[in-house]
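Notes follow once the structure below has been shown.
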Amino acid sequence: MRHRIAVIGGGPAGLTFARVLHRHDHPVTVLERDPAPDARPPGGMLDLHEGLGQLAMSKAGLLAEFQALSRPEGQAMRILDTDGTVLRDWQPRPGDLANPEIDRGQLRDLLLGSLDVQWGRGVTEVVPQTRDGVLVHFADGRQETFDLVVGADGAWSRVRPAVSSATPHYTGITSVETSLDDVDTRHPDLARLVGDGSMAVYGVNRSLVAQRNSGGHVKVYARFRAPLDWHTNVDRHMSLDLADVEAVRSSLLAMFDGWAAPVLDLLRHGTAFVHRPLYVLPVSHTWAHVPGVTLLGDAAHLMPPLGAGANLAMLEGAELAESVVAAPGPGDLDEAVRAFEEQMWARAGRWAEITTAGLERLVSPDPTEAIARWDQVQPS
């Protein structure tokens with residue numbers, strides 16, 4: 001028996017879920033609100049961990065392809081003092097494949113493969129336990145029913161309200177993202193500063209992190225503790241227009257005033273600036289099981305962006321797909337989903353505690369806390 005299954009969201013979680021089902025010849029409907037795969041920038045690099053993201057790729061039959069595209073050298077990590085002094089410079093050992101990096105766009109295309117994704121299908125509401133199954137309402141007014149609807153639609157999930165009243169809350173830490181293109185040619189000094197992987201500088205309640213992507217692209221993240229509406233009162237009650245690139249650049253340079261000139265050049269040469277307040281769900285977010293609906297990834301357990309979220313989301317997608325394949329009948333499907341949720345909650349709760357504590361240390365009143373945290377997680 002083939003269950004009618006829909007996954008809402010075409011990110012790493014949803015595509016991994018669909019790809020594993022596809023590998024087992026089980027039909028699945030993938031619904032994504034974006035009108036096309038390249039409708040918006042895919043974001044920075046992801047490091048896929050052994051036992052998490054890489055295990056998910058293996059379950060999807062894509063591990064060899066991932067290894068061919070990934071950048072093991074991207075595991076390098078360098079920490080500088082605010083005056084530019086190099087405090088730590090970790091390099092991966094030859095053959096180290098514990099956490100190789102891959103561009104999100106490359107990962108998306110790899111997972112997409114021959115999947116049939118319905119693009120431009122925004123979901124407005126999911127109604128469980130109707131006579132014909134789970135009812136999905138779309139932004140264009142249409143409706144469809146399924147036996148199982150999987151919400152993999154991110155932090156502001158439209159599926160989550162069907163199972164949980166929880167909503168993300170602001171952590172008190174904001175990130176402003178910018179980027180540099182063709183860095184090896186246009187900014188060779190900054191290319192050397194960042195190195196092959198990531199570079200971080202930690203100050204009092206703020207940090208600046210640069211991450212090399214493939215193709216000479218570098219992502220830069222300025223993170224700082226501030227009220228959610230910090231930009232409305234930045235200078236003598238003057239508001240900052242977050243769409244004004246030069247105004248945002250000037251504000252950030254003032255915020256990081258006194259830091260080494262080469263570090264600040266990462267902001268001086270950045271292009272557009274994207275405002276990303278960091279939100280999370282409660283650390284131990286669970287819900288009373290609702291037949292026919294479940295969640296994956298950020299929709300289920302939004303946590304600080306410290307490398308765990310996408311890995312967990314992908315493994316969850318793969319595991320749920322395998323559970324679906326192994327469930328022959330409708331009653332078996334519901335029990336399989338219920339068992340999956342219990343396993344997901346326990347693992348995600350542990351990682352949410354780790355990443356929440358990690359964020360507190362990485363954007364801390366005491367910058368030595370950030371270095372101590374890296375000393376704990378980096379190989380000696």
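Counting heavy-atom neighbours within 6.0 Å of Arg33 CZ, excluding the residue itself, gives a total of 12 or less. When the shell of 6.0 Å around CG of Asp116 is examined, it contains 12 or fewer heavy atoms from other residues, nucleotides or ligands.
Taken together through direct or relayed side-chain contacts under 4.5 Å among Ile, Leu, Val, Met, Phe, Trp and Tyr, Val363 and Val204 form parts of separate hydrophobic clusters. Both Leu107 and Trp119 are assigned to one and the same hydrophobic cluster, defined by single-linkage of ILVMFWY side chains at heavy-atom distances under 4.5 Å. Hydrophobic clustering (ILVMFWY, side-chain heavy atoms < 4.5 Å, transitive): Phe340 and Val293 are in one cluster. Residues Leu266 and Phe224 share a single hydrophobic cluster, defined by chaining ILVMFWY side chains whose heavy atoms lie under 4.5 Å apart. By the criterion of side-chain heavy atoms lying less than 4.5 angstrom apart, applied directly or through intervening Ile, Leu, Val, Met, Phe, Trp or Tyr residues, Leu362 is not grouped with Met45; the two fall into different hydrophobic clusters.
Listed here is the closest heavy atom pair of His22 and Ser114: NE2-OG, 3.4 Å. Taking every heavy atom of both residues into account, Val290 and Ala162 meet most closely at CG2-O, 3.8 Å. Taking both residues in full, the closest heavy atoms of Asp25 and Arg2 are given as O-NH2, 3.1 Å, listed atom of the first, atom of the second, then distance. The two residues Glu316 and Ala348 make their nearest non-hydrogen contact at OE2-CB, 4.5 Å. Heavy atoms only, all atoms of each residue included: Ala260 and Gly84 are closest at CB-N, 3.6 Å. Heavy atoms only, all atoms of each residue included: Ala191 and Asp184 are closest at CB-OD1, 3.4 Å.
The only option from Leu267, Asp244, Leu240 that meets the side chain to side chain contact (heavy atoms under 4.5 Å, CB included) definition with Ser251 turns out to be Leu240.
Hydrophobic cluster of Leu281: the remaining members, joined at side-chain heavy-atom separations below 4.5 Å, are Trp156, Tyr170, Leu228, Tyr279, Leu302, listed by chain and number.
At a threshold of 4.0 Å, the pair Glu322-Arg23 does not count as salt-bridged, since none of the basic side-chain nitrogens sits closer than that to a carboxylate oxygen. Electrostatic pairing of Arg88 and Asp375 counts as a salt bridge here, judged by a charged N lying under 4.0 Å from a carboxylate O.
Side-chain contact check for Ser58 versus Gln54: every heavy-atom pair is 4.5 Å or farther apart. Residues Thr356 and Pro304 are in side-chain contact: their nearest non-hydrogen atoms beyond the backbone lie under 4.5 Å apart. Between Tyr221 and Gln211 there is a side-chain heavy-atom pair separated by less than 4.5 Å. With a 4.5 Å cut-off on side-chain heavy atoms, Asn311 and Trp351 do not count as touching.
Judged by distance alone, with hydrogens and angles left aside, the side-chain atoms of Ser323 form a donor-acceptor pair with the main-chain N or O of Glu319 at under 3.5 Å. Arg223 contributes no side-chain N or O that, together with a main-chain N or O of Ile173, makes up a donor-acceptor pair within less than 3.5 Å. Checked by atom type and distance alone, the side chain of His285 pairs as donor or acceptor with a backbone atom of Ala300 at under 3.5 Å. For His49 (side chain) and Ala98 (main-chain N/O), no donor-acceptor pair under 3.5 Å exists by modelled atom type. Without hydrogens or angle criteria, Thr355 side chain to Ala352 main chain gives a donor-acceptor distance under 3.5 Å. A distance-only check finds no donor-acceptor pair linking the side chain of Glu353 to the backbone of Val283 [under 3.5 Å]. Looking at Arg71, its side chain never comes within 3.5 Å of a backbone N or O of Asn213 through a donor-acceptor pair. Between the side chain of Glu32 and the backbone N or O of Val117 there is no donor-acceptor pair closer than 3.5 Å. Panel note: side chain Ser239, backbone Thr232; a donor-acceptor pair is recorded below 3.5 Å. In terms of modelled atom types and a separation under 3.5 Å, the side chain of Ser284 and the main chain of Gly349 share no donor-acceptor contact.
Residue Arg212 holds its CZ atom at 12.0 Å from CD of Glu101, rounded to the nearest 0.5 Å. Atom CZ of residue Arg108 and atom CG of residue Leu111 lie 10.5 Å apart, to the nearest 0.5 angstrom. One finds the OG1 atom of Thr82 at 11.5 Å from the CG atom of Leu208 (value rounded to the nearest 0.5 Å). Residue Thr29 holds its OG1 atom at 11.5 Å from CG of Leu115, rounded to the nearest 0.5 Å. For the atom pair CG of Leu112 and CZ of Arg19, the computed distance is 8.5 Å after rounding to the nearest 0.5 Å. Atom CG of Leu48 is separated from atom CG of Leu97 by 11.5 Å, given to the nearest 0.5 angstrom.
Ring-plane geometry between His275 and His231 is classed as perpendicular, the angle between the planes exceeding 60 degrees on a 0 to 90 degree scale with a lower cut at 30. Between Phe256 and Trp259, the ring planes lie perpendicular to each other; the angle is over 60°, past the 30° to 60° tilted range. Aromatic ring pairs are classed by plane angle as parallel below 30°, tilted from 30° to 60° and perpendicular above 60°; the pair His26 and His3 is parallel.
Judged by distance alone, the side chains of Asp366 and Thr368 do bring a donor and an acceptor atom under 3.5 Å apart. A donor-acceptor contact closer than 3.5 angstrom links the side chains of Arg361 and Gln376.
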Can I get a per-line list of side-chain donor-acceptor pairs under 3.5 Å for residues 121-139, giving both atom names and the distance, sequence neighbours left out?
residue, atom, partner, partner atom, Å
Arg121, NH1, Gln118, OE1, 2.4
Arg121, NH2, Glu144, OE2, 3.3
Thr124, OG1, His137, O, 3.2
Thr130, OG1, Gly133, N, 3.3
Thr130, OG1, Gly133, O, 2.3
His137, ND1, Gln143, NE2, 3.3

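Remark: Arg249 pairs with Glu246 by the salt bridge (charged side-chain N to carboxylate O under 4.0 Å, His left out) rule, at least two apart or across chains.
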* Asked: Where do Ile5 and Asp147 land on the side chain to side chain contact (heavy atoms under 4.5 Å, CB included) test, with the steps shown first?
  -> CA-CA 6 Å; Ile5 297 175; Asp147 299 314; 5.6 Å; no
